[in-house]
Amino acid sequence: MVWTVYLGSDSPPLVRVIHQSLSGREHTFCVETSKRSVYLACRSDLELNRWIDSLIHVVDPLKEERVQLDQSLTVWIVEAKHLPKKRYFVELYLDGTLHCRTVTKTVTEMLFWGENFKFWDLKEFQKIRIVLKKKH
């Protein structure tokens with residue numbers, strides 16, 4: 001299957017890593033344009049980094065010559081207390097875009113995840129939202 005993604009649109013495309021909790025696979029990234037989003041999986045972190053670096057260089061060839069602010073975020077979802085005995089999971093959103101999801105857990109005496117999520121080279125964002133959801 002061959003897809004064509006035009007990278008020279010009015011607004012520059014967004015190239016971002018997709019967390020394994022959302023894609024179900026390691027080493028996945030997305031190229032989002034105003035017309036479509038294409039998700040791609042690589043065989044390794046090295047291959048993933050090469051693809052992303054190459055795409056970012058095509059989209060913004062002068063990026064390395066400008067002063068840059070690298071934004072990263074680490075979130076550790078630890079536990080939830082005093083909930084009815086149901087099944088729950090947590091989702092993390094940055095400016096309304098879903099970035100990761102914990103595994104679903106069942107409440108016993110305490111609901112413990114202990115899941116650590118790390119994101120590098122994030123675009124500027126204003127709002128972090130962490131949502132506890134009940135599994136139906």
Side-chain angles (χ1 to χ4, degrees):
M1 180 180 295
V2 176
W3 289 331
T4 302
V5 178
Y6 180 64
L7 299 177
S9 62
D10 296 337
S11 59
L14 174 64
V15 179
R16 67 182 178 105
V17 174
I18 303 298
H19 195 271
Q20 182 179 352
S21 65
L22 300 179
S23 66
R25 297 182 69 166
E26 290 184 302
H27 323 299
T28 304
F29 70 99
C30 178
V31 179
E32 298 176 23
T33 68
S34 58
K35 304 258 188 246
R36 70 185 312 179
S37 295
V38 177
Y39 295 84
L40 301 153
C42 299
R43 290 178 292 241
S44 67
D45 275 335
L46 179 63
E47 184 179 351
L48 173 71
N49 291 332
R50 285 183 179 166
W51 268 102
I52 289 176
D53 289 345
S54 295
L55 285 167
I56 289 173
H57 182 71
V58 167
V59 170
D60 188 2
L62 301 177
K63 181 179 181 178
E64 293 179 6
E65 295 178 15
R66 292 191 306 269
V67 174
Q68 298 176 44
L69 172 65
D70 286 332
Q71 295 189 120
S72 64
L73 174 68
T74 300
V75 176
W76 190 16
I77 306 295
V78 180
E79 65 184 348
K81 296 180 180 179
H82 311 296
L83 295 170
K85 294 199 184 288
K86 303 281 183 188
R87 293 172 49 84
Y88 297 92
F89 61 96
V90 175
E91 292 181 336
L92 181 132
Y93 295 83
L94 300 178
D95 286 341
T97 300
L98 179 62
H99 274 70
C100 66
R101 179 182 298 124
T102 65
V103 297
T104 301
K105 298 272 186 158
T106 302
V107 173
T108 53
E109 289 182 22
M110 177 177 57
L111 187 55
F112 180 79
W113 281 281
E115 291 189 45
N116 194 8
F117 298 99
K118 295 181 181 183
F119 306 96
W120 295 271
D121 199 22
L122 290 170
K123 301 293 181 195
E124 185 175 327
F125 61 91
Q126 301 297 315
K127 184 177 177 183
I128 299 173
R129 188 166 55 114
I130 298 172
V131 181
L132 176 68
K133 293 190 172 185
K134 184 169 44 173
K135 185 83 172 189
H136 298 285

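- Between His27 atom NE2 and Asn49 atom CG the span is 10.0 Å, to the nearest 0.5 Å.
- The distance from the CG atom of Leu132 to the CZ atom of Phe89 is 9.0 Å, given to the nearest 0.5 Å.
- Rounded to the nearest 0.5 Å, atoms NE2 (His136) and NZ (Lys86) are 10.5 Å apart.
- Put simply, CG on Leu73 and CZ on Phe117 are 11.0 Å apart, with the number rounded to the nearest 0.5 Å.
- Checking side-chain atoms of Lys85 against main-chain N and O of Thr108 turns up a donor-acceptor pair under 3.5 Å.
- Of all the heavy atoms in Cys42 and Leu48, the pair that sits closest is SG-CA, 3.6 Å.
- Minimum interatomic distance between Val103 and Trp113 (heavy atoms only, all atoms of both residues): O-NE1, 2.9 Å.
- Looking at Phe125 and Thr97, their side chains never come closer than 4.5 Å, going by heavy atoms from C-beta outward.
- Here the OG atom belonging to Ser37 is positioned 8.5 Å from the CG atom belonging to Leu14, to the nearest 0.5 angstrom.
- The salt bridge (Lys or Arg N to Asp or Glu O under 4.0 Å) test applied to Lys135 returns no partner, not counting sequence neighbours.
- Contact between Phe112 and Val78 at its shortest, heavy atoms only, is CD1-O, 3.4 Å.
- The salt bridge (Lys or Arg N to Asp or Glu O under 4.0 Å) check on Glu79 picks up Lys81, with sequence neighbours excluded.
- Residues satisfying the salt bridge (Lys or Arg N to Asp or Glu O under 4.0 Å) criterion with Lys133, sequence neighbours excluded, are Glu91.
- Atom CZ of Phe119 and atom CZ of Arg16 lie 9.5 Å apart (nearest 0.5 Å).
- Taking Ile, Leu, Val, Met, Phe, Trp and Tyr as hydrophobic and joining them when side-chain heavy atoms fall under 4.5 Å apart, one finds Leu46 isolated, its cluster having no other members.
- Closest approach of Arg43 and Glu47 over heavy atoms only: N-OE1, 3.0 Å.
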Let me check something: any side-chain donor-acceptor pairs from residues 17-26 under 3.5 Å, sequence neighbours excluded? List them with distances.
unit_1, atom_1, unit_2, atom_2, d
His19, ND1, Ser21, N, 3.0
His19, ND1, Ser21, OG, 2.9
Ser21, OG, Arg101, N, 2.8
Ser21, OG, Arg101, O, 3.1
Ser23, OG, Arg25, N, 3.2
Ser23, OG, Arg25, O, 2.8
Ser23, OG, Thr28, OG1, 3.4

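- Across Glu124 and Asp95, no two heavy atoms sit closer than the pair O-OD2, 4.0 Å.
- Of all the heavy atoms in Thr104 and Arg87, the pair that sits closest is CG2-NH2, 3.5 Å.
- Legend: residues meeting salt bridge (Lys or Arg N to Asp or Glu O under 4.0 Å) with Glu115, ordered by chain and number and at least two apart, are absent.
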